[in-house]
Every structure is written in C-alpha cells, then in structure tokens.
Enquirer: 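First the structure, then my questions, so here it is.
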Amino acid sequence: MSNTGTAEVLEASSGEGTEVEYNPSDLELQESAKMNHPLKLDAYGFITNVDVNGHVTENAPAFKQTPPTTNVEKERIERRVKKWEAQLASWDSSTLKSKRNNKKFIKRLRKGIPDSMRGRVWLLLSGGIKKPGYYEKIVKKTSDAMLASFKEMAELQRVQEGSVKTSPTASESSFPVKEESNEIVEVDTDSEEDFASTKVFRMIQDSIERDIHRTFPRHNLFYEPAENLNNLATSSNDDMKQSSGDPELASLILNLESDIRITESGGAKERVTNEGNANQTPGGQAALRRVLRAYSYHDPTVGYCQGMNFIAGMFLTLMTEEEAFWVLVGVMNDEPCQMRGLFKEGMAVTHKVLHVAEKLTLQHLPRLARHFQRENIHVTMYATQWLLTQYTSSFNFSLVRRVWDSFLGEGWKIIYRVMLALLNLSQAKLLKMGFEDILAFFRDLPSRVNGNAVMEAAFKIPLKTKSIVKYEKEWEATRKRNSPRQQQSEGSR
C-alpha cells in the first residue's frame, strides 16, 4: 500500500475538533474567566482560542483555524444539499435496506452528508423515532425515582445533626437491590415495580456522572466556565439550604428538578444549547446525562459503559435529545452498526473486533504488523478506543462525522478501512520507532490527521467483506474451543 500524501494527511489540523488533553484546576479556570475572552469556535463547535495550558485566550496561535469556505466549495455544498433534499423528500423507511444496497446512495454517503442535513439523515438511517413520547416518559420516570430518593437522603441528613455528611453514592442509596435482566426489553414506564428504583440503576448513574465532565470539555455545547462550577457548588434555594448541607446532593436535586421541567415543557424536542440557569450544569452536559440515563433504563443489560458518552455526545451536537436517544438505540441494536455487544458485560464483541483488526493489519500491512510484534505493540494499545467509539472519543470531527456518514450506511467495513488508512499513512514513521516512541506517536496522532484526506485513503483500500467474515468466524471458533461452558451458557439465554 502506498504512503503517497502522508505528510499532507497527517498535517496538523488542530482547529477542527481537537481535544486538548489538559484538566485545568479550579483556580486556573477562575483566572481564565476573569479575562472574559469571548469563545471562538471552529466549524464543529469546538473552542479554538484555548492555549496549550487549557486557558481561554484572546487568540490561540498554537491552533490552526479552520480555513474559510471558498466560493467553489460553497457552490459544491449547495448542489449536494439540493440532491439530499430531493432524496429526503422521497424517503421511505421501508426501503432503507434496499438503499444500503444501492451503489449510488452509498457513494453519496461516502462523499459526506452536508452539515446542515447530517442530523436528519442520521436519524433516518438509524430508523427514526420509533415510539414518540417514550423518551420523555423515561426521563420523567427516572428523574422522579431518583429525586424521591435524594430528597429522602437530604431529610435524613437534616435530622441527623452532627453526623458526617457524604455524597450520595450508590452504596448509600436507599434503592433496593434488583436482579439484572439478561434481555433488552422495552420498559413499561407505567409499571409500579420499576428498574429506576433499584440500586443497580443508581450505580449505573454514578458511572455516567463520572464521565459527563470528561465528554468533549472543549466543545461549546459541553464547556463549563469557572463561574458555573462555583455557582453549582454554592447556589441553592432556601428550601434546599434547610433540607441539606451537602452541596453535591443539593445540586443533584436541582438538576433532577430541572430535568423534569425541561422534559415537561417539550425541551427534548428542541436543539440543545449551552445557555440557561448557571445553577444547573450546562445544557449539553445535562442533556447528555438524560440521554445516557434514558438508554441505561431502556436497556438494563447494557446499562452504561464508558465510550457511550462520546457517541451520544457527538449525536447531541447535531440533533435534539429525543433524536439522539433514538439514534443511539438504533446504532446499538440494528444493522448495519449493531454496537450493543461492544458494551455488554465482558465486552466479547470488542475482543472480536480487535482480533479482526489485528488480522487485517497483518494481511494488508504485513511489514508494519511484524514490526509491531517485534516491539511488543498489541492492537489493544492503540486501536481499542478507535474501534470502541468509532473514532469519536479522540479524533477531529472532520474525520469523525465522515466516518459515521458511511458507518450508518455500510457498517463495520469503514471502521476497519479507516484504521488501515491511519496505519498505512503513518507506516514509514512507525517502522523507524521503538516501543515508547510508537505509543507516544499514537497518543498524538488524533490531533494531526486531516479527516477528508484520511477518508479518501480509506476508500482506496481493497478490503473485502469476506476477509472480515473469515476473521470473525476464526475468532468465534477459537472462543468456542477455549470456553465451551461460556458459549453454552450464552446460547441458553
């Protein structure tokens, strides 16, 4: 495979959705906020005027700004928008399967969906909103259940004067323990015995909460200014001050009350913004929390697994909460994505995907694969995050959105193609590196790629579906030989 154009493809494009791996302290955030610099955004909503230390500045010379769109590009985009408008005007969900087998349609997806239409197209490709109102019911039911428990805890803290007050973790929750289901069942939101009132559900929400602030913290939708951190920790209404001295518990109650108000007022059907009451977490963070909570309720077997936050968060940058929830349901359960197995306990499908990725690397890039073997570089050291989140967690959105355009139409082949393209374009450099340098290279790689160029290289890779199927069957056979009891157990579910 050729390395032509490697320099251009890996040229820095850090203004296009790059994540700065830096967590500023509260003091640094406060000092940055005092400067009162306006946020400057790239084409995807990421803040570009952040320096290498994570501070918002007037200008950020370390970042290359997204170049302005030329007149030729504008005309090309307008032509593509018209074609997609015509496509959507005659869209019939019953023919979605045939569309995926239509070469012209797949070619259109590969060229990239116009940004202005991407959210609508992704929703349709995922099967649309299957049950209107279902998402709102889940949010209200789960919010009510958690709110009742937290208020009970606040009251208990109030009457137990002098006791040590701790944050409301799952181990302290009054929720009863309930056995986990082994099947995905559409939950009856009107039932009295409900998953939302279990300790298992509360533990899942603890996991979600830990990841909310880590999700695209430099994206305008999820960005949290220092003043919000201070207000969130200290602000509370009079009733809250009387009922609880725990600021974390107070803020959780405020957020749940806000969730109920937003949902009842139709907020789930509106595009998410990062504006509103500073006493609650930013709009994007709150919306992401609701979407992930709703999915964990809808699919209690999967619940939540790290990585889902980036996928749902990326959806929220393009669509409403309700739409993001249903796209998440679609990509987790339906063809051609079927990602649910990646996040189930044991993550068996993740191991299968990594096995396929390793074998495809050996097939298409044998020299690089052998070099990795000599340097003890395993596929899990660099590709797990890529394949688990379909590049969403760390790569520029110039690449991520193009990957998902094709992933929703074609399935897993594009995920493997992009991996092979990234490796091939980096091969000449990687072959000269040892263990430590290779790992450092992969850590920095996401910030240096040019998304469109990587996609062009990916589509030129002669990857055949039969090769993917072959390695999947190979993994299944090995798994069956190595763990017959596990295989028999899963087959009986």
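These figures come from a predicted structure and were not determined experimentally. One is the number of the first residue; the rest follow in order along the sequence.
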Enquirer: Check the surroundings of atom CD in Gln306: do more than 12 heavy atoms from other residues, nucleotides or ligands lie under 6.0 Å from it?
Expert: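 Atom CD in Gln306 is not packed in, count stays at 12 or less.
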Enquirer: Quick one: does Thr478's side chain get under 4.5 Å of Arg481's, heavy atoms only?
Expert: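 They are in contact (side-chain heavy atoms under 4.5 Å apart), so the answer is yes.
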Enquirer: Please determine if Lys141 and Asp144 form a salt bridge, counting it only when a charged side-chain N lies under 4.0 Å from a carboxylate O.
Expert: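 Salt bridge flag = no for Asp144 with Lys141.
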Enquirer: Are Met381 and Phe372 side-chain neighbours, meaning at least one heavy-atom pair lies under 4.5 Å?
Expert: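 Result no, sub-4.5 Å side-chain heavy-atom pair not found.
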Enquirer: For a 4.5 angstrom cut-off between non-hydrogen side-chain atoms, does Phe397 reach Met314?
Expert: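 Phe397 reaches Met314 side chain to side chain.
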Enquirer: Counting the benzene-type ring for Trp, do Phe343 and Tyr295 have ring centres under 6.0 Å apart?
Expert: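 Aromatic pair excluded; centres sit 6.0 Å or further apart.
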Enquirer: Can you list everything that forms a salt bridge (Lys or Arg N to Asp or Glu O under 4.0 Å) with Arg401? Sequence neighbours excluded, please.
Expert: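 Residues passing salt bridge (Lys or Arg N to Asp or Glu O under 4.0 Å) with Arg401: Asp115.
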Enquirer: Evaluate the side-chain proximity of Phe325 to Ile138: yes if any heavy-atom separation is below 4.5 Å, no if none is.
Expert: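 A side-chain contact exists here, since the closest heavy-atom pair is under 4.5 Å.
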Enquirer: Does the side chain of Leu109 come within less than 4.5 Å of Leu125's, by heavy atoms?
Expert: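 Leu125 reaches Leu109 side chain to side chain.
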Enquirer: Going by the side-chain hydrogen bond (donor to acceptor under 3.5 Å, both in side chains) test, which pairs reach into residues 410-422, not counting sequence neighbours?
Expert: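 Residue pairs with at least one partner in residues 410-422: Arg110-Glu410, Lys413-Thr465.
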Enquirer: Locate the shortest heavy-atom distance separating Val449 from Asn396; write the atom from each residue and the value.
Expert: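 Nearest pair, atom of Val449 first, then Asn396: O-ND2, 3.1 Å.
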Enquirer: Should the pair Arg448 and Phe441 be classed as cation-pi, given the thresholds of under 6.0 Å to the six-membered ring centre and 45° from the axis?
Expert: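 Yes, a cation-pi geometry holds between Arg448 and Phe441.
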Enquirer: Would you confirm whether the ring centroid of Tyr391 sits within less than 6.0 angstrom of the ring centroid of Trp404?
Expert: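 Distance test on ring centres: not under 6.0 Å, no.
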Enquirer: Would you find more than 12 non-hydrogen atoms of other residues, nucleotides or ligands less than 6.0 Å from Lys470 atom NZ?
Expert: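 No, NZ of Lys470 has 12 or fewer neighbouring heavy atoms, counting only those of other groups under 6.0 Å.
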Enquirer: Checking ring pair (Phe, Tyr, Trp, His ring centres under 6.0 Å) against Phe442, which of Phe435, Phe395, Trp386 comes through?
Expert: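 Passing option: Trp386.
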Enquirer: Please give me the minimum heavy-atom distance between Thr320 and Lys269, naming the atom from each residue.
Expert: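 Heavy atoms only, the tightest pair is CG2-O, 3.4 Å.
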Enquirer: For Lys359, does the NZ atom have more than 12 heavy-atom neighbours from other residues, nucleotides or ligands under 6.0 Å away?
Expert: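 For Lys359, atom NZ is not crowded (no more than 12 foreign heavy atoms under 6.0 Å).
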Enquirer: For Asp405, enumerate each residue passing the side chain to side chain contact (heavy atoms under 4.5 Å, CB included) test, keeping only those at least two apart in sequence or located in another chain.
Expert: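 Residues passing side chain to side chain contact (heavy atoms under 4.5 Å, CB included) with Asp405: Ile113, Arg118, Trp122, Arg402.
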Enquirer: Begin from the C-alpha positions of Ser143 and Arg293 and carry the test side-chain hydrogen bond (donor to acceptor under 3.5 Å, both in side chains) through to its verdict.
Expert: CA-CA 9 Å; Ser143 297; Arg293 187 203 312 157; 2.7 Å; yes
Enquirer: Is the distance from the ring center of Phe216 to that of Tyr44 below 6.0 Å?
Expert: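 So the answer is no for these two rings.
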